[in-house]
Participant: 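Take this structure first; my questions come after.
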Amino acid sequence: MAQDAWDSAYHAPVLVEECLVLLHGARRVLDGTLGGGGHSAALLAAGAEVIGVDRDPRAIAAARARLAADERAGRFRALRANYADIGVGGALAGERFDGILLDLGVSSHQLDDDSRGFSFREGTPLDMRMDAGAGEEGDGSAGDMTAATLLNTEGEAALGSLLREYADEPRAMRLAREIVRRRTTRPFATSDDLVGAIRGALGARSGPGDFARIFQGLRIAVNRELSGLEQALPALRDRLLPGGTLAVIAYHSGEDRLVKHSFREWSAACTCPPRQFHCSCGGVALGKTITRRAITAGPTEQARNPRSRSARLRGWRSAR
């Protein structure tokens with residue numbers, strides 16, 4: 001099908017056909033990052049039954065509206081949850097799947113909705129919570145830590161470490177000092193405040209590439225995305241049926257590194273020290289990595305959807 005066949009007003013999913021290839025033959029799939037339901041729609045069209053989870057109630061509503069016919073037919077179910085908590089029970093306790101998909105990052109709708117504060121467009125609030133507004137559902141799951149709170153309260157050293165680790169910023173301490181200096185006279189509240197600090201620390205020649213990278217890193221910190229992914233990966237692996245496939249699309253170097261190293265570790269039969277002559281661990285590989293290297297979007301998709309440029313897809317299959 002055409003690459004834009006699964007797009008909606010809410011989101012343009014990336015690497016859809018590549019995901020379908022990795023998950024070919026899966027009959028029961030968990031879409032751990034439902035978003036607007038684009039990947040789920042493609043999986044349903046391929047014949048799978050899908051359970052989709054998302055921490056954003058607006059994403060759940062958009063996906064349910066789009067996939068209402070499949071929901072009525074009993075082939076699709078949407079649940080409000082964070083994929084990072086799959087291992088602690090809840091509505092999916094005991095559920096097993098022969099396909100699991102994670103599309104990390106944020107949806108097009110979330111980026112384009114200025115009230116969510118994910119972008120560096122002028123005047124947007126420094127919020128960045130994935131589950132902002134979750135309190136409207138009355139479950140108490142919404143976090144209080146917004147991007148503004150983090151920028152206004154974290155110490156200089158902690159901010160520098162955060163910006164270095166999550167935003168890959170080589171001048172992280174310089175930017176952290178600038179943030180701390182500026183907040184003594186006026187607290188950070190909007191994207192303009194952070195863009196001003198970036199320019200103040202990195203110079204007037206800093207531009208959209210720097211802003212996007214630093215805003216992304218701040219969003220990852222606010223939502224504890226790396227620690228959540230680290231917690232989720234083994235839990236999701238253990239939800240796979242024998243021969244089941246876990247596919248993950250990452251957009252950040254830290255996320256992709258976590259996925260790559262986890263898949264490599266699970267695919268190793270022996271965990272003995274490298275210089276040990278004979279194997280004494282008796283280890284057995286849990287499965288195998290099925291992507292020799294990360295799959296990336298082709299030129300046509302990148303031209304149609306620039307947000308696909310940083311996407312990296314990897315797949316792993318459990319042993320039978």
Side-chain angles (χ1 to χ4, degrees), residues 1-20 23 26-86 90-92 95 97 99-119 121 124-125 127-143 219 223 247 249 251 301 304-308 311:
M1 297 184 67
Q3 288 190 338
D4 60 356
W6 311 110
D7 294 2
S8 70
Y10 191 94
H11 183 55
V14 306
L15 297 168
V16 175
E17 297 303 322
E18 292 82 355
C19 288
L20 291 177
L23 296 167
R27 309 309 300 172
R28 196 160 189 270
V29 177
L30 173 66
D31 184 348
T33 44
L34 180 59
H39 286 110
S40 285
L43 289 162
L44 287 160
E49 294 182 3
V50 177
I51 295 178
V53 302
D54 204 289
R55 60 198 292 188
D56 185 344
R58 301 180 215 183
I60 293 284
R64 290 190 67 194
R66 178 178 187 176
L67 303 172
D70 294 288
E71 188 173 28
R72 287 193 299 270
R75 299 183 58 239
F76 171 72
R77 182 158 53 112
L79 299 172
R80 169 85 181 290
N82 184 344
Y83 74 81
D85 298 328
I86 293 297
L92 292 175
E95 299 270 13
F97 305 90
I100 298 177
L101 173 65
L102 294 182
D103 179 11
L104 306 173
V106 295
S107 71
S108 306
H109 179 80
Q110 289 170 323
L111 284 169
D112 293 337
D113 182 353
D114 287 349
S115 70
R116 304 299 296 274
F118 289 114
S119 79
R121 281 190 290 273
T124 59
D127 190 316
M128 299 194 188
R129 290 170 296 170
M130 289 287 200
D131 51 1
E136 298 167 6
E137 299 286 311
D139 66 358
S141 64
R219 186 208 79 217
N223 294 286
I249 304 172
Y251 300 82
E301 181 170 9
R304 180 183 63 82
N305 180 7
R307 289 169 180 158
S308 69

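Along the sequence shown, residues carry numbers from 1. Note that this is a predicted model, so its numbers are computed, not measured.
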Participant: Looking at side-chain heavy atoms only, is the closest gap between V53 and R80 below 4.5 Å?
Facilitator: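 A side-chain contact under 4.5 Å is absent here.
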Participant: Considering only heavy atoms from C-beta outward, does the side chain of R219 approach that of R129 to under 4.5 Å?
Facilitator: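 Side chain of R219 against side chain of R129, heavy atoms only: no contact under 4.5 Å found.
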Participant: Any salt bridge (charged side-chain N to carboxylate O under 4.0 Å, His left out) involving residues 26-53? Give me the pairs, sequence neighbours left out, ordered by first then second residue.
Facilitator: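 Output for this query lists R28-E95.
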Participant: Give me the atom names and distance for the closest heavy-atom approach of G37 to L67.
Facilitator: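 Residues G37 and L67, closest heavy atoms: O-CD1, 4.1 Å.
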Participant: List the atom of A63, the atom of G35, and the distance in Å for their closest heavy-atom pair.
Facilitator: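 Minimum heavy-atom contact is CB-O, 3.8 Å.
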Participant: Using a distance-only test with no angle check, is there a side-chain donor-acceptor pair under 3.5 angstrom linking Y83 and D54?
Facilitator: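 Per modelled atom types, Y83 and D54 side chains form no pair under 3.5 Å.
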Participant: Which residues satisfy the side chain to side chain contact (heavy atoms under 4.5 Å, CB included) test with N82, sequence neighbours excluded?
Facilitator: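 N82: side chain to side chain contact (heavy atoms under 4.5 Å, CB included) contacts with R55, A84, D85.
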Participant: Report the distance from atom CZ of R58 to atom CG of D56, rounding to the nearest 0.5 Å.
Facilitator: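 It comes to 6.5 Å.
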Participant: Looking only at non-hydrogen atoms, find the nearest pair between A12 and N305 and report the distance.
Facilitator: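 Looks like O-ND2, 3.3 Å.
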Participant: Can you find a heavy atom in the side chain of F76 that is under 4.5 Å from one in the side chain of I51?
Facilitator: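 Not in contact.
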Participant: First locate atom CD of E301, then atom CD of E18, and finally report the distance between them rounded to the nearest 0.5 Å.
Facilitator: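 One finds 6.0 Å between CD of E301 and CD of E18.
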Participant: Quick one: side chain to side chain donor-acceptor pair (under 3.5 Å) pairs with a partner in residues 66-75, sequence neighbours left out?
Facilitator: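 Qualifying pairs: R64-E71, D70-R75.
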Participant: I need the minimum non-hydrogen distance between P13 and G38, along with the two atoms involved.
Facilitator: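 Nearest heavy atoms, P13 then G38: CG-CA, 3.9 Å.
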Participant: Any non-hydrogen side-chain atom of L15 less than 4.5 Å from a side-chain atom of H39?
Facilitator: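 The answer is no, as the side chains (C-beta and beyond) never meet within the 4.5 Å cut-off.
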Participant: Kindly indicate, with the supporting measurements, whether the criterion side-chain contact (heavy atoms from CB on, under 4.5 Å) is fulfilled by L92 and L79.
Facilitator: CA-CA 9 Å; L92 292 175; L79 299 172; 3.7 Å; yes
Participant: Under 4.5 Å between any side-chain heavy atoms of L43 and L23, yes or no?
Facilitator: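 Yes, their side chains come closer than 4.5 Å.
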Participant: Measuring from atom CG of L101 to atom OG1 of T33, what distance do you get when rounded to the nearest 0.5 angstrom?
Facilitator: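 The OG1 atom of T33 is 5.5 Å from CG of L101, to the nearest 0.5 Å.
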Participant: Is the closest side-chain heavy-atom distance between L34 and I60 below 4.5 Å?
Facilitator: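 Sidechains of I60 and L34: in contact.
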Participant: How long is the straight-line distance from CE of M128 back to CG of N223, given to the nearest 0.5 Å?
Facilitator: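 It comes to 9.5 Å.
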Participant: side-chain contact (heavy atoms from CB on, under 4.5 Å) between V29 and I100: does it pass, once the steps are laid out?
Facilitator: CA-CA 5 Å; V29 177; I100 298 177; over 6 Å; no
Participant: Compare all side-chain heavy atoms of I249 with those of V14 and state whether any distance is below 4.5 angstrom.
Facilitator: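 Yes. Closest side-chain heavy atoms under 4.5 Å.
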